[in-house]
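Only one structure is covered here, and it is reproduced in the block below.
What you see is a predicted model, and the numbers here were worked out from it, not measured in a lab.
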Amino acid sequence: TTFVAALLGITFSFVQPNSYQVSTPIQNGKQSVFLSYTSLNDLLKDKGLLFDSEKNSNGYSFNSVAVFEMFVAEFNDYEEMINVLSDNYFVKQSIEDLDETDKRRALINFAKSFALKPPSKNGENWLLSFEWHDNLEGARLLDDAIQQTLINTQKTTKDNIDHLASSVDMRNSFELDKVRNDLSIIKLNQVDRDKKQIQYLMEQ
């Protein structure tokens, strides 16, 4: 009985696929890194475009918290992980016989093995964890996904800044046109008053 149990255990250990659970803490960057954005945030505040959870939920803000939230949103949409996994040999072999819909579904399931979880009640850091059959390969996939996520976060930040610059330029242009119109009206009114004053003096 002992021999048979040992044999079954050894056989099961060889048949059972390898699975590694790896985790690492993730936290947002230090606020000092974003000091160069101070003038931008001041401009947003001056223009009424600064993010405020109560007063202006559609606004923008460029600080460690805002950029980290963009990173989390990018990572959690699975697109970066799917792009990385679609080039992986093991994944390609696993889904090669599936149609396009099932391939997409399988890639999403693979991507869900890489999860970014919020801090626990007593914790401070987010937890990035994944389950994969090869720990070194999983670590490489994770690194590639993080790099792609950072690139996309940087692109999103740049696009937001460009959009804001266009919005501010447009608003400044409108304000300048308004000032010009106001000056034109003031000038016309002054000319009209001057004419009336001249007419009055001539009559006198």
Side-chain angles (χ1 to χ4, degrees), residues 9-37 41 51 53 57-164:
I10 293 172
T11 304
F12 180 77
S13 68
F14 277 105
V15 173
Q16 184 73 9
N18 292 331
S19 180
Y20 297 92
Q21 183 74 33
V22 181
S23 63
T24 181
I26 298 289
Q27 63 182 14
N28 56 344
K30 295 180 179 179
Q31 189 59 38
S32 59
V33 177
F34 295 87
L35 287 177
S36 57
Y37 288 101
N41 287 317
F51 171 81
S53 57
S57 59
N58 294 322
Y60 297 87
S61 180
F62 295 95
N63 52 42
S64 61
V65 175
V67 173
F68 185 74
E69 287 177 353
M70 278 191 278
F71 173 85
V72 172
E74 284 286 347
F75 190 90
N76 283 337
D77 68 7
Y78 297 128
E79 288 304 321
E80 289 79 14
M81 203 69 244
I82 288 172
N83 290 338
V84 171
L85 289 168
S86 61
D87 293 328
N88 179 261
Y89 177 77
F90 171 78
V91 175
K92 284 181 178 179
Q93 292 292 105
S94 302
I95 66 175
E96 62 179 353
D97 297 326
L98 303 177
D99 59 34
E100 291 303 317
T101 302
D102 289 336
K103 281 182 179 179
R104 177 71 180 180
R105 188 177 293 113
L107 283 171
I108 291 174
N109 287 332
F110 276 121
K112 287 181 178 178
S113 300
F114 299 79
L116 185 57
K117 302 175 182 178
S120 59
K121 289 184 178 180
N122 298 324
E124 296 181 358
N125 298 328
W126 287 65
L127 188 67
L128 183 55
S129 63
F130 67 92
E131 186 176 336
W132 201 249
H133 68 282
D134 184 316
N135 60 336
L136 293 178
E137 184 180 84
R140 284 194 297 270
L141 289 171
L142 188 61
D143 183 64
D144 290 343
I146 289 175
Q147 292 301 321
Q148 281 201 23
T149 305
L150 289 172
I151 290 171
N152 287 345
T153 302
Q154 184 183 41
K155 182 179 181 300
T156 300
T157 303
K158 181 181 180 300
D159 290 343
N160 286 342
I161 292 175
D162 289 342
H163 176 71
L164 283 169

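Residues forming a side chain to side chain donor-acceptor pair (under 3.5 Å) with Glu79 (at least two apart in sequence, or on another chain): Arg104. Ala139 is linked by a side chain to side chain contact (heavy atoms under 4.5 Å, CB included) to nothing, counting only residues two or more places apart in sequence or in another chain. For Ser129, there are no side chain to side chain donor-acceptor pair (under 3.5 Å) partners two or more places apart in sequence or in a different chain. Contacts of Thr101 classified as side chain to side chain contact (heavy atoms under 4.5 Å, CB included), with partners at least two apart in sequence or in another chain: Asp99, Arg105. By the side chain to side chain donor-acceptor pair (under 3.5 Å) test, Asp97 pairs with no residue at all, sequence neighbours left out. Under the rule for a side chain to side chain donor-acceptor pair (under 3.5 Å), the partners of Asp159 that lie at least two apart in sequence or sit in another chain are Lys155. Applying the ring pair (Phe, Tyr, Trp, His ring centres under 6.0 Å) rule to Phe68 yields the partners Trp126; only residues at least two apart in sequence or on another chain are considered. Residues that satisfy the side chain to side chain contact (heavy atoms under 4.5 Å, CB included) test with Leu127, not counting sequence neighbours, are Ser23.
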Could you go through residues 141-153 and list every donor-acceptor pair under 3.5 Å that involves a side-chain atom there, pairing it with any protein atom two or more places apart or in another chain?
| from | atom 1 | to | atom 2 | distance (Å) |
| --- | --- | --- | --- | --- |
| Thr149 | OG1 | Ala145 | O | 2.7 |
| Asn152 | ND2 | Glu80 | OE2 | 2.5 |
| Thr153 | OG1 | Thr149 | O | 2.7 |

Table please: side-chain donor-acceptor pairs of residues 110-118 below 3.5 Å, with sequence neighbours left out.
| from | atom 1 | to | atom 2 | distance (Å) |
| --- | --- | --- | --- | --- |
| Ser113 | OG | Phe110 | O | 3.2 |

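Atom NZ of Lys103 is separated from atom NZ of Lys92 by 10.5 Å, given to the nearest 0.5 angstrom. The CG atom of Asn109 sits 10.5 Å away from the CG atom of Asp102 when rounded to the nearest 0.5 Å. Asn88 CG to Arg140 CZ: the interatomic distance, rounded to the nearest 0.5 Å, is 9.0 Å.
The shortest heavy-atom contact between Ala106 and Leu98 is CB-CD1, 4.0 Å.
Environment of CD in Glu137: crowded, with over 12 heavy atoms of neighbouring residues, nucleotides or ligands closer than 6.0 Å.
A ring pair (Phe, Tyr, Trp, His ring centres under 6.0 Å) check over residues 73-108, counting only residues at least two apart or in different chains, returns the pairs Phe90-Trp132, Phe90-His133. Residue pairs meeting the ring pair (Phe, Tyr, Trp, His ring centres under 6.0 Å) criterion with at least one partner in residues 139-163, sequence neighbours excluded, are absent.
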